[in-house]
Amino acid sequence: MRLPKIIVIVVILTLATLYYPRMPHPAAADIPTVEWARLSEKEISPQGRLALSLDEKAWRHAETRHFIYHFQNLEEGETIYINAEAYYKWIAELFGAEEYIWLKKSHLFVFTDEKTWNDFKTRGNLSTELTAFTTGWELFLYRKPYRLAPKKSLAHEIMHIIMFRFLNGPVPLFLEEGFAEFVSYRVLALETEGDEYRIRIVELIPEEKFMPLKELTETSTYPKGKVETFYRESELLVRFLILNYDSKKFYALLRDVSKGKSFEKALNDIYDIDFETFEKKFKDYAVLSRILH
Ligand SMILES: [Zn+2]
């Protein structure tokens, strides 16, 4: 007898909650801002310099162990200041890589002034649609001030920059976005006592929309007309790999592909499973079963 899929997922999520490292709840406090001249690392990219040159007086700075923060609004700066290290710690624990040596600190630029953000995009030849992007060591994002801006998207963007720190090079898009999505849901869930269902329902994919694994894993651009499915399926794939196997295997997989190994080969080496068998298992997990009457 097959258990209904929804029950299976609830059980997996409940077990996962017990298994995962706990998310700390740092108390809100005023950020100790630091003058630019007193930051421990001032080496930033031309994009970073461009950002700080616009509306120069409005930028304030702060620093923690792994990050340097540049922000225009104290509340938004505080949100990021409080969360970035907590997310970092959580990922380090998930990967079993707490003692990873960081070469330098990451810079996070948080724009809250819309005009500055638009000027920055124009001067930097960036798409006008962008609300956030990362270049690896730096993260640039726009947040609307004085509004309850979604914490999930903040977590998602911070995950990109943290992930970069733990890897040797870029990973395929589905792993990059799938992991950022998965972890940002998880950290929010842990903040609400581990109940992911208070945030959302894990959404499965209708059979007709399912992207074959080969297509998903080889996509290097956000596929037109399928972006939502791409994110959802990528997240489900990462979720499946992390929740069904030892999460440290997932870190090993990410490290291998970031060194240039193909996903298929890394899957085979680390999970001891071939691509076709894996696709069958994953599809069974990710596709919404049709209800037969
Ligand atoms: Zn992303």
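These numbers were taken from a predicted model, which means no experiment stands behind them. Order of listing sets the numbers, starting from 1, for every ligand and every atom in it. Count residues from 1 along the sequence.
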Honestly, is K281 close enough over F240, meaning NZ or CZ under 6.0 Å from the six-membered ring centre and within 45° of the axis?
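No, a cation-pi geometry is absent between K281 and F240.
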
Taking the six-membered ring of Y251, is the NZ or CZ of R255 close enough (under 6.0 Å from the centre) and on axis enough (within 45°)?
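Flagged: R255 positioned over aromatic ring of Y251.
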
With the Zn ion (ligand 1) as the reference point, give the N/O/S atom of [X] that is nearest.
X	value
H160	NE2
H156	NE2
E177	OE1

Taking F250's backbone N and O only, do any of them form a donor-acceptor pair with Y271's side chain (distance below 3.5 Å, no angle check)?
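Answer holds: yes.
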
Return the orientation label for the F179 and F182 ring planes: parallel under 30°, perpendicular over 60°, tilted otherwise.
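F179 vs F182 ring planes: tilted.
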
